[in-house]
Protein chains: 2
Amino acid sequence: MSKKTDRADVLPGTLDMLILKTLTITPMHGYGIAQHIQQVSREAIQVEEGSLYPSLQRMQVKGWLTSEWSQSPTGRRARYYRLTAAGKKQLGAEVADFRKAIEAIQRVIQAV
Amino acid sequence: MSKKTDRADVLPGTLDMLILKTLTITPMHGYGIAQHIQQVSREAIQVEEGSLYPSLQRMQVKGWLTSEWSQSPTGRRARYYRLTAAGKKQLGAEVADFRKAIEAIQRVIQAV
DNA sequence: AATCAATACATAGCTAATCTATGTGTAGTC
DNA sequence: GACTACACATAGATTAGCTATGTATTGATT
């Protein structure tokens, strides 16, 4: 089964941007980030755990995020991620690039 | 060098769609397809040869394209690619998926 | 008390797409 | 004769995201 209509894998290369954007709201733990993206996208995007945690780690290494263990509202331990200044800057760049990219693609697919 | 502002690599997963769309105009050879996408996108998208030819081969295997050797207007031999009915159908599906995907992403990046 | 669903993190291994780099060869121009 | 643009092709590397799996905790249901 190829499952073309899968909710995940929406547009490769955009996951980091979605996570960074979500963290502009407030520091959040991984599971919460995934839930948020899923809800705001109206179930169109499902962030798989096997994509989420590696991405969070990559972005920490790049200095876009910091994290610390803390208590989630449900009393469970959870690692909370916080956007850094570099992360905010990166988000701005990625959003700008994304807009340029979809404009360019739409020029092609709307061409006569 | 990472060259973030590179014109290529615009949005992974969209190359097939751009090629299929280009071939709705008329059968074209590989080099011509690349030129067309580059021009219509106003130089925002540059299709690398190392991406183009493998993609054309994949899509032929999937039955979305057929091809034959022919003469280009400049008198050189060139392989002309033609969209099949399956290719047209695939293009429609990809465009629909693309629109849904960018809508979902924009909901996330425009969220308050 | 036992079981199950939801919450929460993490990693190994695979696949697929695209890139870089390289190679071949032709036609036209300077 | 050299150079540029045209034209196709493949090998190898990189990267992102997936599937699958494992651990552990909390709260609800039976």
Side-chain angles (χ1 to χ4, degrees), chain A residues 1-19 27-39 45-62 65 67-81 94 101 105, chain B residues 1-20 27-39 45-62 65 67-81 94 98 101 105:
Chain A
M1 280 294 172
S2 63
K3 303 226 289 172
K4 271 295 293 170
T5 329
D6 221 323
R7 282 96 47 89
D9 183 34
V10 183
L11 269 183
T14 58
L15 179 60
D16 287 2
M17 178 176 71
L18 300 182
I19 294 173
M28 238 179 265
H29 61 271
Y31 196 87
I33 294 167
Q35 297 285 302
H36 177 261
I37 292 174
Q38 193 168 335
Q39 284 161 21
I45 305 170
Q46 172 163 0
V47 182
E48 302 296 334
E49 294 179 302
S51 310
L52 175 67
Y53 294 106
S55 168
L56 288 168
Q57 285 168 17
R58 282 196 301 270
M59 292 199 284
Q60 276 192 100
V61 170
K62 288 172 181 165
L65 306 178
S67 74
E68 53 186 0
W69 285 104
S70 186
Q71 290 292 313
S72 86
T74 54
R76 237 179 249 90
R77 94 191 190 307
R79 185 176 281 281
Y80 277 74
Y81 295 88
E94 288 198 21
I105 290 169
Chain B
M1 283 294 175
S2 64
K3 302 226 289 173
K4 271 294 296 171
T5 328
D6 223 326
R7 282 98 46 89
D9 183 32
V10 184
L11 268 183
T14 58
L15 180 59
D16 288 2
M17 178 175 72
L18 299 181
I19 294 173
L20 290 171
M28 237 178 266
H29 61 272
Y31 196 89
I33 294 168
Q35 298 284 301
H36 177 262
I37 292 174
Q38 192 168 336
Q39 284 161 21
I45 304 170
Q46 172 164 358
V47 182
E48 302 296 333
E49 294 179 302
S51 309
L52 175 68
Y53 294 107
S55 169
L56 287 167
Q57 284 168 17
R58 283 196 300 269
M59 291 198 285
Q60 275 191 102
V61 170
K62 288 173 181 165
L65 307 177
S67 74
E68 53 185 359
W69 285 104
S70 185
Q71 290 293 312
S72 85
T74 54
R76 238 179 249 92
R77 95 193 187 307
R79 185 175 282 282
Y80 277 74
Y81 295 89
E94 288 199 20
F98 175 76
I105 289 169

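Naming: A, B, ... by sequence-line order, numbering from 1 per chain. The figures that follow rest on heavy atoms only: side chains count, while hydrogens, waters and symmetry mates do not.
Note on A:L52: nothing from the nucleic acid sits closer than 4.0 angstrom, heavy atoms only. Within the 4.0 angstrom heavy-atom criterion, no nucleotide atom of any strand lies near B:G32. No engagement by B:S70 is indicated, since no non-hydrogen atom pair under 4.0 Å with the nucleic acid exists. Here A:Y80 lies out of heavy-atom contact (under 4.0 Å) with every strand.
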- Message: Run the side-chain contact (heavy atoms from CB on, under 4.5 Å) test on B:I45 and B:T14 for me, step by step, so that the C-alpha distance in whole Å, both residues' side-chain angles and the decisive distance to 0.1 Å come before the verdict.
- Response: CA-CA 11 Å; B:I45 304 170; B:T14 58; over 6 Å; no
What does the list of N/O pairs under 3.5 Å between the protein and nucleotides 13-16 of chain C look like, with a distance for each?
none

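With rounding to whole Å, A:H29 atom NE2 is found 17 Å from D:dT25 atom P. For the pair A:I19 CD1 and D:dA16 P, the computed distance is 12 Å after rounding to whole Å. The nearest whole Å value for the distance from the NE2 atom in B:H36 to the P atom in D:dC6 is 16 Å. At whole-Å resolution of the value, CH2 in B:W69 and P in D:dC8 are 6 Å apart. Across the protein-nucleic acid pair, A:Y31 atom OH and D:dT25 atom P stand 17 Å apart, rounded to whole Å. Atom CG of A:D16 and atom P of D:dA16 are 7 Å apart (whole Å). Rounding to whole angstrom units, CD of residue B:Q38 and C1' of D:dC6 are separated by 14 Å.
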- Query: Base, backbone or nothing for each nucleotide of nucleotides 22-30 of chain C, written B, S, -, heavy atoms under 4.0 angstrom, 5' to 3'?
  - Reply: ----BBS--
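Remark: A:R58 in residues 53-61 of chain A come within less than 4.0 Å of DNA chain D through at least one heavy atom.
The side chain of A:S72 lies closest to C:dA8, out of C:dA8, D:dA7, C:dT20.
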